[in-house]
**Q** 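A single structure is presented below for examination.
If you're wondering where the values come from, they're calculated on a predicted model, not measured in any experiment. Chain naming here is simple, since letters A, B, ... match the order of the sequence lines and numbering starts at 1 in each.
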There are 2 protein chains.
Amino acid sequence: MAIPRAAKTQRRTRIQEEKEEQILEAALDVFSVSGFRGSTIDQIAEVAGMSKPNLLYYFRTKEAMHRSLIDRVLFTWLEPLRAFDALGNPENEIRSYIRRKLEMARDFPRESRLFANEVLQGAPHIEDELKGPLKELVDEKAEVIRVWAKAGKIAKCDPYHLIFSIWSTTQHYADFDVQVRAVLGQGQSGEGRFEDAARFLEQLFIDGLRVRAVEPAS
Amino acid sequence: MAIPRAAKTQRRTRIQEEKEEQILEAALDVFSVSGFRGSTIDQIAEVAGMSKPNLLYYFRTKEAMHRSLIDRVLFTWLEPLRAFDALGNPENEIRSYIRRKLEMARDFPRESRLFANEVLQGAPHIEDELKGPLKELVDEKAEVIRVWAKAGKIAKCDPYHLIFSIWSTTQHYADFDVQVRAVLGQGQSGEGRFEDAARFLEQLFIDGLRVRAVEPAS
DNA sequence: TGTAATGTTTACCAGTCGGTCAAATTATCC
DNA sequence: GGATAATTTGACCGACTGGTAAACATTACA
């Protein structure tokens, strides 16, 4: 009859898969620009090309759409950090991490902005994820870096702030894209800026973390 | 009689000054958290402790309030970059710039988030400022850095991306404060993280930009 | 092919949004 | 103290908000 709201059945219809995909795609468009509060279901419906009640047939509330989107994107988003390998060569690992994060900023800017908006506005919907899975993953990788530093493979440094600085510098090119373009001017607005950024950041972090041959006596 | 909307008289009343101050203070609170679209006049009115029509007596529209806030804050915000001195010692200048930006992130996080929200959402209200005054200032300082690099005082690097990286790493501690706290955990949530960040970033940038004693032959 | 489940839409609701208006209150200045 | 200008407020407006109800259309499947 009428009542069953999408997910009541055990198996998901082809239509359900397609439409939910379509909706989340549109939701990503809208939420990533305006944040949760600033976005409206009508906007998302229009981008998705369907009526508002139809959206609400697949996701009962605006919050459910947002939640669903966050869940789906978060895992992928942490992939580069997860790939950080304790057994690899430190310089290579750091270089790879920077490159991967930068590629994600280039290829998935909406995902980056979705999180940026959320965190910027106090992370009201993802506090648990930050304090749980995210913190655990960072703790684990920070320990790896700490060991590297202790073994003299890279310079002594605070591993947490190292991770923060890689996050911020790379995501900057997605989150603050408008500003970057404005400052670089029309000429540099192709994808070349990502190449330049990669070159600069790799140099900065590799040289910045290289162990000084001779420490000045203190 | 009724009509005169605040600024019609030549001289501004004491009350006008006070109330406008009070309103902008509240507006900063609200806009910096929710962005323009996500904020409501009612919220601002409540924080400011006055009625909505009273707010609209001083600022005709929500947009006018936002505009006014941006204008007032932008100048201050660029102060550290403006202080960047072409005649100073490169290492000292960079170190000072990092420290000043970090202090601003610590002392004026709302201002940082106000801009972050705005830029993140496509900078619909400050596009002109970005392409005009901001770009000009950055161009000027980038030239300074370029000359330093050419003279061998710091490593060869793209000055624009250097500036971007200093912006992003420092402002990260204001804009993504919730995330930083979540990852560092309760223990590190005092102001100590700014000290640690300063130490790390100064090391990273100074060592990362120091001219290599011997360049490997290429 | 029939029919039950699934999918879609129109019309609508109560609450909120930005903003106006006129009346009431307060400050200012002679 | 009174006239005049400045300030403040409650009541209100039309547009928009998230969300619902029920009728209608389509699909899957026996």
**Q** Do B/Ile163 and B/Ile145 make a side-chain contact, defined as non-hydrogen atoms from C-beta onward lying under 4.5 Å apart?
**A**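 The answer is yes; the side chains approach within 4.5 Å.
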**Q** Taking the minimum atom-to-atom distance to the side chain of A/Tyr57, which one of D/dT8, C/dG7, D/dG18 wins?
**A** C/dG7
**Q** Indicate every side-chain donor-acceptor pair of residues 73-88 of chain B with a distance under 3.5 Å to a residue at least two apart or in another chain.
**A**
from    : atom 1 : to      : atom 2 : distance (Å)
B/Glu79 : OE1    : B/Arg82 : NH1    : 2.6
B/Arg82 : NH2    : B/Phe75 : O      : 3.3
B/Asp85 : OD1    : B/Leu87 : N      : 2.9

**Q** So, using side-chain contact (heavy atoms from CB on, under 4.5 Å) as the criterion, who are the partners of A/Ala149 when residues are at least two apart?
**A** A/Ile154
**Q** In whole angstrom, what separates A/Ile44's CD1 from D/dT17's C1'?
**A** 13 Å
**Q** Under 4.0 Å between a side-chain N/O of A/Ser51 and OP1 or OP2 of C/dT8, yes or no?
**A**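 A/Ser51 to C/dT8 OP1/OP2: no side-chain N or O under 4.0 Å.
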**Q** Provide, to the nearest angstrom, the distance between the CD atom belonging to B/Glu18 and the C1' atom belonging to D/dT8.
**A** 15 Å
**Q** OP1, OP2 of D/dA6 versus side-chain N and O of B/Tyr58: anything below 4.0 Å?
**A** no
**Q** Taking the side chain of B/Met50 as its heavy atoms from C-beta onward, which of C/dC17, D/dT9, C/dT10 lies nearest to it?
**A**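 Ranking C/dC17, D/dT9, C/dT10 by closest atom to the B/Met50 side chain puts D/dT9 first.
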**Q** Could you state the CG-P distance from B/Asn54 to C/dA23, rounded to the nearest angstrom?
**A**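 Going from CG in B/Asn54 over to P in C/dA23 covers 19 Å.
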**Q** Record whether the side chain of B/Lys52 comes under 3.5 Å of the base of C/dG18 through a donor-acceptor pair of N or O atoms.
**A**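 Yes, the side chain and the base share a sub-3.5 Å donor-acceptor pair.
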**Q** Considering only side-chain heavy atoms of B/Gln16, which listed nucleotide, D/dA6, D/dT17, C/dC21, is closest?
**A**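 Looking only at heavy atoms from C-beta outward on B/Gln16, the closest nucleotide is D/dA6.
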**Q** Between C1' on D/dT17 and CZ on B/Arg37, what's the gap in Å once rounded to a whole number?
**A**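 Rounded to whole Å, this separation is 10 Å.
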**Q** Any side-chain donor paired with an acceptor under 3.5 Å for A/Gln43 and A/Asp29?
**A**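 No, A/Asp29 and A/Gln43 have no side-chain donor paired with an acceptor closer than 3.5 Å.
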**Q** May I have the distance from B/Leu55 (atom CG) to D/dT7 (atom C1'), rounded to whole angstrom?
**A** 13 Å
**Q** Whole angstroms only, please: what is the NZ-C1' distance between A/Lys62 and D/dC16?
**A** 12 Å
**Q** Which of the following nucleotides, D/dG19, D/dT9, C/dA11, is nearest to the side chain of A/Ile41?
**A** D/dG19
**Q** State the CZ-OH distance between A/Phe164 and B/Tyr173, to the nearest 0.5 angstrom.
**A**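 These two atoms lie 6.0 Å from each other.
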**Q** Does any residue of residues 23-31 of chain B have a heavy atom under 4.0 Å from DNA chain D, and if so, which ones, in number order?
**A** none
**Q** Tell me: CD of A/Glu63 to P of D/dG19, nearest whole Å?
**A** 8 Å
**Q** Please give, in whole Å, the distance from C/dC12 C1' to A/Leu56 CG?
**A**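 After rounding, the gap between these two atoms is 14 Å.
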**Q** Looking only at side-chain atoms of A/Asp42, point me to the closest of C/dG18, D/dT17, D/dG19.
**A**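 Of the options given, the side chain of A/Asp42 lies nearest D/dT17.
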**Q** Side chains of A/Asp196 and B/Tyr160: is there a donor and an acceptor less than 3.5 Å apart?
**A** no
**Q** Using the side-chain heavy atoms of A/Lys19, tell me which of these nucleotides is nearest: C/dG19, D/dT8, C/dT8.
**A**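 Ranking C/dG19, D/dT8, C/dT8 by closest atom to the A/Lys19 side chain puts C/dT8 first.
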**Q** Does the ring centre of A/Phe31 sit less than 6.0 Å away from the ring centre of A/His125?
**A** no
